[in-house]
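Note that the coordinates shown come from a computational prediction; the quantities given were computed from them, not determined experimentally.
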Amino acid sequence: MYDLLVVGAGPYGLSVAAHAAAAGLTLRVFGRPMASWRDNMPGGMFLKSEPWASNLSDPEGRLRLDAYCATRGVTARHGEPIPVEMFAEYGLWFARHAVPAVDERTVTRIAARPGGFEAVTADGETVRARTVALAVGVMPFVEIPAALRGLSPALVSHSSHHGDLDRFRGRDVTVIGGGQAALETAALLAEQGSWVRVLARADRLCWNDVPPAWERPWWQSVRTPHSGLGCGWRNWFYAERPGLYRLLPEPTRARIAATALGPAGAWWVRDRVQGSVEVRLDHEVTAARAVSGGVRLEMAGAESFETEHVIAATGFRATRDRLTLLSGDLRGSLATVPDGSPAVGRDFESSHPGLFLAGLVTAAGFGPAMRFVYGAAFTAGTLVRGVRRRLHTGVPVGAIPAPAPDRLGAAQTVGH
């Protein structure tokens with residue numbers, strides 16, 4: 001039986017595995033390294049975060065993105081976006097140097113067992129571990145608007161479902177959303193010759209500013225410090241103090257989750273959208289139906305129209321019920337917070353002892369940093385310390401605890 005099973009091999013899973021290996025834990029890591037970055041983002045995309053804020057985490061801090069770029073003869077500079085393809089290659093390099101051999105098979109089911117957990121792979125192998133770190137990224141949590149959910153994938157897709165956009169050359173495509181994914185997808189479509197428009201519910205688009213110089217007068221740094229989530233003291237707090245963020249009252253965290261770092265396009269994509277892409281503001285799709293040659297979209301307060309394909313760049317919703325690789329009993333035993341995501345304690349441990357969570361699914365508890373690569377460093381170190389604590393105290397043996405209430409405030413989470 002292993003000490004730890006890491007399920008997921010993206011930035012969070014690989015960072016957790018690197019810290020766990022350095023701590024001397026016996027572990028297995030499952031997942032195709034950097035799969036969503038390699039398979040679910042079209043060529044030509046760039047990281048929105050700064051290169052220095054896009055590091056995976058090893059305990060010694062040696063395997064940074066800039067170190068990898070140097071091996072390629074590239075200098076990672078503040079204010080110069082990094083191509084997604086290079087970031088994916090960096091993740092593979094990190095895995096080779098910091099993580100025990102990654103098993104690329106898919107884990108299809110995790111269940112609680114006496115003394116720990118049992119995981120089953122797609123080809124039927126069973127692996128047992130005392131603890132599990134679930135780092136499944138964003139793909140299980142794809143959110144498509146209700147009005148579009150009944151339509152065929154041939155007509156409606158999510159922005160994260162495309163490794164390339166070639167199939168849309170010369171076609172009429174409507175992108176729904178007002179954030180970076182929508183705007184960059186629309187720019188790429190326009191640049192390859194698609195007829196593209198963006199529908200956004202908001203009455204205006206928001207754009208991030210060009211970041212200020214890294215070296216600047218001290219008084220400017222004091223007024224608006226750099227952080228992994230952008231400039232300003234609020235962003236600094238979200239990025240640098242997620243442990244303190246977790247101590248905020250639940251209503252405050254809910255408000256921040258709903259408003260902080262909302263949809264916005266990167267500064268470097270603005271000129272590629274304005275003047276090249278039709279943008280329709282104050283447009284919300286209320287109904288959609290398949291018609292000959294595509295989809296007819298109905299809007300509140302606007303004329304309906306037809307398009308050949310709809311790409312929903314409408315984000316992700318990380319709820320407990322979408323963690324379908326957990327057995328029904330295990331999933332149902334997890335306490336949740338008001339947005340439906342699993343409650344986590346100070347070490348990223350769920351309400352089921354020994355089951356740890358990482359990444360987007362923990363954003364309700366630890367804040368906006370968990371929606372970005374930048375949160376991986378805090379998560380990895382904190383989570384592995386929690387695993388070691390749990391192994392020292394022992395995982396309770398026996399039946400799964402009785403299901404917890406569907407809504408549980410952080411202050412009520414037992415044992416944390």
Begin with the C-alpha distance, continue with both residues' side-chain angles, and end with the deciding distance and a verdict on side chain to side chain contact (heavy atoms under 4.5 Å, CB included) for Leu205 and Gln274. CA-CA 11 Å; Leu205 294 180; Gln274 293 180 336; over 6 Å; no
I'd like to know whether Trp37 forms a side chain to side chain contact (heavy atoms under 4.5 Å, CB included) with Val84, so could you lay out the CA-CA distance, the side-chain angles of the two residues, the decisive distance to 0.1 Å, and finally the verdict. CA-CA 7 Å; Trp37 298 87; Val84 162; 4.2 Å; yes
Parallel, tilted or perpendicular, judged at 30° and 60°: which one describes the rings of Phe366 and Phe378? tilted
Could you check whether the rings of His309 and Phe168 sit parallel, tilted or perpendicular, using 30° and 60° as the cut-offs? tilted
Under a 3.5 Å distance rule, please check whether [X] uses its side chain to pair with a backbone N or O of [Y] as donor and acceptor.
X: Ser194; Y: Val196; answer: no
X: Arg322; Y: Pro140; answer: no
X: Asn55; Y: Leu65; answer: yes
X: Thr185; Y: Ala182; answer: no
X: Glu308; Y: Asp172; answer: yes
X: Arg320; Y: Ser333; answer: no
X: Thr319; Y: Gly340; answer: no

For Tyr68 and His97, I'd like to know if the aromatic rings sit close, meaning centre-to-centre distance below 6.0 Å. no
Kindly indicate whether the side chain of [X], heavy atoms from C-beta on, has any atom under 4.5 Å from the side chain of [Y].
X: Phe348; Y: Leu357; value: no
X: Leu326; Y: Leu334; value: yes
X: Val6; Y: Val99; value: no

So, are [X] and [Y] salt-bridged, with charged N and O less than 4.0 Å apart?
X: Arg389; Y: Glu349; result: no
X: Arg317; Y: Asp339; result: no
X: Asp39; Y: Arg32; result: yes
X: Arg72; Y: Glu89; result: yes

Between [X] and [Y]: side-chain donor-acceptor atoms closer than 3.5 Å:
X: Trp214; Y: His226; value: no
X: Asp123; Y: Thr121; value: yes
X: Arg167; Y: Ser157; value: no

If you look only at distance, which donor and acceptor atoms sit under 3.5 Å apart when one is on a side chain in residues 234-244 and the other is two or more places apart or in another chain?
from	atom 1	to	atom 2	distance (Å)
Asn235	ND2	Cys231	O	3.0
Glu240	OE1	Tyr374	OH	3.2
Glu240	OE2	Tyr374	OH	2.6

So the salt bridge (Lys or Arg N to Asp or Glu O under 4.0 Å) pairs with at least one residue in residues 255-265 (sequence neighbours excluded) are none
Pairs involving residues 18-27, ordered by first then second residue, that meet side chain to side chain donor-acceptor pair (under 3.5 Å) (sequence neighbours left out): Asp3-Thr26, His19-Ser57
